[in-house]
Amino acid sequence: MKLRYQRLRGFQDILLEKIEKLRWCEERWCEVLGRYGYGEIRTPIVEPTDLFLRSVGKGTDIVDKEMYTFESKGGESLTLRPEMTASVVRAYLENGLTRQPGTMKFYYNGPMFRHDQPQAGRYRQFHQVGVEALGSDSPVLDAEVIQTAMALFDAVGAEGVTAQVNSIGCPECRPAFLHDLKDFLNDNLDVIPENLKARIDINPLRLYDAKDDGVAKLLSTFKPITDSLCQGCRDHHDVVLRTLESLGVPFVSNPALMRGLDYYCRTTFEITARSGRKQSSLAGGGRYDYLVEHCGGPATPAIGFSIGVERTLLHLDDKPFDAQRSPQSKVDVYVACTDIAAQEFALILVESLRDNYRVEIDTTGRSLKAQAKSANLRRAKVMLVAGEQEVLSGAIQLKNFATGEQKQVDGKSLSAAVQEVMEGE
RNA sequence: GUGGCUGUAGCUCAGUCGGCAGAGCCCCUGGUUGUGGUCCAGGUGGUCGUGGGUUCGAAUCCCAUCAGCCACCCCA
């Protein structure tokens, strides 16, 4: 069959078994996030391009290469959100929440868009579940946020995940480190591949993200950023690490962990899974104490993270999804009908069963043999059979699949008869 | 953006030296005049990704192109 239409590269259909797994995770995540004090936020998928340019930052791959940007009819530049933090900050300010008492804690779950090269666990439209907590600069909150992320993985049974934690300092102490780092890199230009040299001037921290072995080796000989923190950042970082230890959160300190977005400061973290080939970075986050102010609000410290949903699902279950072998949704009662008259009769007769049970009426007109087979595939406990005789008599055949017994029941006693079988399990 | 691998039935794939387009699974029908998992028989289903070229003849060889997967880059 030649397909007339195909989904776009890097996009996906989510259906059948796959969406059941997704919903299973989502339900658990909502539950856990509620227990950690987060309330849901939903924001538009489209925002003015400028919001991301200014918050995520020019010079990052996300805004330079990966945004779905287009022009509206009014000539305004719009962008499909590539991440959520900027939108949450925008919503926080736009809804006048800066004077709310305490810490505002939001969680979100939704699609993000990045025009990246697709591969396993990486899509152009993908889903993130994450949190943003605005209004507290306490290092204990940082630890709680990391703990929250770990709790989300725990809730869906993800194994072998660890948090990597670092501090990238603040505007007070980072410039000195960057200066030294730049000098150091320029003294060792011969080790750095051509394609990475441009980063030295744009954002030298991003050399840490490069997977080049020579560069990694070189940087490991440089002083770790955690040794260059100012007193405030150092104290903050110490408390974060200490609290994580007290909580028993499995983490490792990783001074080479930087983050690709401009707005981070102090605590940054990433949650990684031990796995050979798949995308191992399942979640990332950090503190962004200056973003709210940068967006025109009052100085407001904040921290957040987001989980890559597809990656996490991939990590939970490495069997590739196969729509062909994926069963259709389960039902309690399957109604087999011989013809259209019987379908009509059955639909009316069975209506009240749907108050309590999942009921499928087969309207294909196939052989009863084929319909009974489908009933079984759908895991029905009960099959009802309607044909010419039933239409005439007003009664219906009820078969209990567990016992194989079949009897005739009239319309009035149908509910009770079905209930009897369902509760007999 | 760069490199590697792969495109044949709804799915998974075979197809020899260039010589009639195949198998298994799924689906449908029958065996069982109206009934499930097993079994048996039969059947539906193909623009061989697409477009050119070579050839008497192309799924097969050549060129181009598109798509998928994987890796790099980067990220969730």
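Worth saying up front: this structure is predicted, and the values here are computed from it rather than measured.
Counting to the nearest Å, the P atom of C27(B) and the CD atom of Gln328(A) are 10 Å from each other. Atom CZ in Arg7(A) sits about 8 Å away from atom P in C69(B), given to the nearest Å. Residue Phe11(A) contributes atom CZ, which lies 11 Å from atom P of G68(B) at whole-angstrom precision. Atoms CD (Gln117(A)) and P (C73(B)) sit 14 Å apart, rounded to a whole Å. Separating the CZ atom of Arg325(A) from the P atom of C11(B) is a distance of 13 Å, rounded to the nearest angstrom. As rounded to whole Å, 17 Å separates atom P of A76(B) from atom CD of Gln125(A). Distance, Arg81(A) CZ to A76(B) C1': 13 Å, rounded to whole Å. The nearest whole Å value for the distance from the CD atom in Gln371(A) to the C1' atom in C27(B) is 15 Å.
Ser136(A) is not listed as a side-chain neighbour of Ile303(A), based on a closest heavy-atom distance of 4.5 Å or more.
Checked by distance alone, Arg122(A) brings no side-chain donor or acceptor within 3.5 Å of a matching partner on the base of A76(B).
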**Message:** Under the criterion ring-ring contact (aromatic ring centres under 6.0 Å, His included), I'd like the reasoning laid out for Tyr107(A) against Tyr38(A): C-alpha separation, chi angles, the key distance, then a yes or no.
**Reply:** CA-CA 6 Å; Tyr107(A) 81 86; Tyr38(A) 291 89; 7.5 Å; no
**Prompt:** Are Tyr264(A) and Phe269(A) close enough, and set up right, to give a ring-ring contact (aromatic ring centres under 6.0 Å, His included), and what steps lead you there?
**Reply:** CA-CA 10 Å; Tyr264(A) 286 120; Phe269(A) 63 97; 8.5 Å; no
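Heavy atoms of Arg206(A) sit under 4.0 angstrom from primed sugar atoms or phosphate atoms, though from no base atom. Using a 4.0 Å heavy-atom cutoff across all strands shown, Glu310(A) reaches no nucleic acid atom at all. Residue contacts shown for Arg378(A) are absent, as no nucleic acid heavy atom lies under 4.0 Å away. Ala375(A) comes within 4.0 angstrom of nothing in the nucleic acid, heavy atoms only. Among the protein residues, Asp116(A) comes within range of the nucleic acid bases, having at least one heavy atom under 4.0 Å from a base atom.
Helical stems in RNA chain B, defined as runs of 3 or more consecutive Watson-Crick or G-U wobble pairs with donor-acceptor distances under 3.5 Å: B:1-7 with B:66-72, B:10-13 with B:22-25, B:27-31 with B:39-43, B:49-53 with B:61-65.
Look at the P atom in both C72(B) and U65(B): the space between them is 25 Å, to the nearest Å. As rounded to the nearest Å, U29(B) and C17(B) have P atoms that lie 43 Å from one another. Between A14(B) and G53(B), the distance separating the two P atoms is 29 Å to the nearest Å. For the P atoms, the distance linking G46(B) with G22(B) amounts to 14 Å, nearest Å. Between C56(B) and C40(B), the distance separating the two P atoms is 49 Å to the nearest Å. One C1' atom belongs to C48(B), the other to A59(B), and the distance between them is 5 Å to the nearest Å. On the P atoms, C13(B) is 24 Å away from G45(B), given to the nearest whole Å. Spacing of P atoms, U38(B) relative to C27(B), comes out at 10 Å, to the nearest Å.
Within the structure, salt bridge (charged side-chain N to carboxylate O under 4.0 Å, His left out) pairs that include any residue of residues 127-142 of chain A comprise Asp142(A)-Arg287(A) (at least two apart or interchain).
Nearest-nucleotide mapping onto RNA chain B: of Gly10(A) and Ile307(A), the residue sitting toward the 5' end is Gly10(A).
Dashed line: the shortest gap from a side-chain N or O of Arg366(A) to OP1 or OP2 of C28(B) is under 4.0 Å. Proximity of Gln119(A) to the phosphate of A71(B): a side-chain N or O atom is located under 4.0 Å from OP1 or OP2. Residue Arg9(A) places at least one side-chain N or O under 4.0 Å from the OP1 or OP2 atom of G68(B).
Of the listed residues (Leu414(A), Asp410(A), Val391(A), Val385(A)), just one forms a side-chain contact (heavy atoms from CB on, under 4.5 Å) with Ile396(A), and that residue is Leu414(A). When the options Val331(A), Leu384(A), Val333(A), Val418(A) are evaluated for a side-chain contact (heavy atoms from CB on, under 4.5 Å) with Val359(A), the one that passes is Val333(A).
Listed nucleotides C27(B), A76(B), C25(B) differ in distance to Leu377(A); the shortest reach to its side chain belongs to C27(B).
With hydrogens and angles disregarded, no donor-acceptor distance shorter than 3.5 Å links the side chain of Gln164(A) to the backbone of Ser253(A). At least one donor-acceptor pair closer than 3.5 Å links the side chain of Arg114(A) to the backbone N or O of Pro82(A). At least one donor-acceptor pair closer than 3.5 Å links the side chain of Arg122(A) to the backbone N or O of Gln117(A).
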**Request:** Spell out protein contact along nucleotides 30-38 of chain B as letters: B when the base is contacted, S when just the sugar-phosphate is, - when no protein heavy atom is under 4.0 Å; keep the 5' to 3' order.
**Result:** BB--BBBB-
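The ring of Phe126(A) has its center no closer than 6.0 angstrom to the ring center of Phe11(A).
In this structure, a donor-acceptor pair under 3.5 Å is present between the side chains of Thr85(A) and Tyr263(A).
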